[in-house]
Number of protein chains: 2
Amino acid sequence: MSNIKALPLLEPEVPEGVAPCCPPLTERPLTAEEAERTAAMFKALGDPVRLRLFSLVASHEGGEACVCDISDVGVSQPTVSHHLKKLKEAGLLSSERRGTWVYYRVEPSVMAAMGQMLTAAAPAA
Amino acid sequence: MSNIKALPLLEPEVPEGVAPCCPPLTERPLTAEEAERTAAMFKALGDPVRLRLFSLVASHEGGEACVCDISDVGVSQPTVSHHLKKLKEAGLLSSERRGTWVYYRVEPSVMAAMGQMLTAAAPAA
DNA sequence: CGTCAACATAGACATTTATCTAAATAAGAG
DNA sequence: CTCTTATTTAGATAAATGTCTATGTTGACG
């Protein structure tokens with residue numbers, strides 16, 4: 001009980017730019033507040049149309065796409081806009097207007113944080 | 001064009017027991033069918049109560065927990081059962097009855113596959 | 001200013017979902 | 001077989017959600 005404050009190396013698996021969200025799901029039970037915030041992010045990816053839109057943005061050249069590039073997912077244009085807004089509210093996308101077009105891009109740290117809650121958790125068995 | 005079949009090393013970042021689900025979200029746009037299947041998994045973790053239950057199972061000693069161990073999340077016991085069923089239908093949990101109790105455990109390959117869709121995707125910017 | 005194009009907002013509507021209570025099933029103890 | 005405990009199923013209900021059409025907003029271009 002002498003080196004409590006000294007060593008911040010206890011979680012070495014987390015890369016640099018990862019948002020400080022929550023521990024891996026296997027580490028300890030999430031609190032109610034943690035679950036509330038984190039579930040909101042997973043929920044944002046829990047709709048097929050939104051997941052496709054997200055994938056379209058994430059895989060687009062330059063890491064960003066304007067709405068006109070990704071509007072072909074089988075729903076009306078206002079519905080696309082609605083889903084993009086939800087992804088933005090969840091913190092997964094950010095948007096910027098440049099002239100006539102609005103460009104969306106992924107928020108890499110948030111995605112990485114979500115991924116680590118799952119991958120850093122796997123080999124607990 | 002001579003070693004097409006020889007080298008399965010083209011996706012070296014995917015560990016062994018990972019379920020063959022979908023590519024990283026940054027690799028290419030998901031098809032409608034892929035999005036449908038994958039969104040169902042993310043959706044399962046998109047509810048605060050379910051996420052807590054999942055975390056409780058995942059972090060429990062031995063990688064499994066009986067329902068009686070994890071029923072304290074603020075909702076009624078039938079609601080807990082309902083959510084566990086959903087997690088099971090999504091492929092994230094499996095269950096086994098042993099005597100009086102039913103034990104739930106995480107499906108590591110599915111979790112890893114979900115994690116990789118996010119983490120293998122991050123540094124595309 | 002007027003018009004067109006890209007995108008967002010508002011409101012309506014049908015479906016899904018999370019939750020509860022009540023009842024059913026499963027298994028061990030006496 | 002009966003009683004008790006653990007868990008699931010059934011049915012009801014209020015709230016959330018995804019989608020649409022119609023309309024508003026913003027910026028570029030004559």
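Residue numbering restarts at 1 for every chain, and letters A, B, ... go by the order of the sequence lines.
- When rounded to the nearest whole Å, the span between CG of B/L84 and P of C/dA18 equals 13 Å.
- Considering only side-chain N and O atoms, A/Y104 lies nowhere under 4.0 angstrom from the phosphate OP1 or OP2 of C/dA6.
- Contact record, B/D47 with A/A39: C-CB, 3.6 Å, taken as the closest heavy-atom pair.
- Counting to the nearest Å, the P atom of C/dA6 and the CD atom of A/Q77 are 10 Å from each other.
- Along DNA chain D, read 5' to 3', the first and last nucleotides having any atom under 4.0 Å from a heavy atom of chain A are D/dT17 to D/dA28.
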Assess the residue pair A/L53 and A/V49 against the criterion (side chain to side chain contact (heavy atoms under 4.5 Å, CB included)); give the C-alpha distance rounded to whole Å, side-chain angles, the decisive distance to 0.1 Å, and a yes or no.
CA-CA 6 Å; A/L53 288 171; A/V49 173; 4.1 Å; yes
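- Atom CG in A/D69 sits roughly 18 Å away from atom P in C/dA5 (whole-Å rounding).
- Formation of a donor-acceptor pair under 3.5 Å by the A/R97 side chain with backbone atoms of A/G99 is found in this model.
- Taking a cutoff of 4.0 Å between a charged side-chain nitrogen and a carboxylate oxygen, B/R52 and A/E33 do not qualify as a salt bridge.
- Nearer the 5' end of DNA chain D, as judged by each residue's closest nucleotide, is the contact made by B/P78, out of A/G74 and B/P78.
- In this structure a side-chain-to-backbone donor-acceptor pair under 3.5 Å is present from A/R50 to A/A44.
- Between B/I70 and B/A65, the shortest heavy-atom distance links the atoms CG2-CB, 3.9 Å.
- Two residues are said to be in side-chain contact when any heavy atoms from C-beta on lie closer than 4.5 Å; A/F42 and A/M114 meet this criterion.
- Heavy-atom distances under 4.0 Å link DNA chain D to no residue of residues 49-57 of chain B.
- Atom CG of B/L87 is separated from atom P of C/dA18 by 10 Å (rounded to the nearest Å).
- Distance alone, capped at 3.5 Å, places no donor-acceptor pair between the B/S55 side chain and the B/L51 backbone.
- When atom types are taken as modelled, the side chain of A/Q116 and the backbone of A/A113 share no donor-acceptor pair closer than 3.5 angstrom.
- Atom CG in A/D47 sits roughly 10 Å away from atom P in C/dT17 (whole-Å rounding).
- Using a distance-only test at 3.5 Å, with no hydrogens or angles considered, no donor-acceptor pair links the side chain of B/T79 to the main chain of B/V75.
- Look at A/K85 and you won't find any side-chain N or O under 4.0 angstrom from OP1 or OP2 of C/dC7.
- The NE2 atom of A/H82 sits 14 Å away from the P atom of C/dG11 (whole-angstrom rounding).
- A donor atom on one side chain and an acceptor atom on the other are not found under 3.5 Å apart for A/K88 and A/S94.
- Residue B/T79 has a polar side-chain atom (N or O) positioned under 4.0 Å from OP1 or OP2 of C/dC20.
- When side chains are defined from C-beta on, B/W101 counts as touching B/C68, because their heavy atoms get closer than 4.5 Å.
- In this structure, A/H83 atom NE2 and C/dC7 atom P are separated by 17 Å, rounded to whole Å.
- Against DNA chain D, the stretch residues 90-101 of chain A makes heavy-atom approaches under 4.0 Å through A/R97, A/G99, A/T100.
- The residue A/K88 sits apart from the nucleic acid: no heavy atom pair falls under 4.0 Å.
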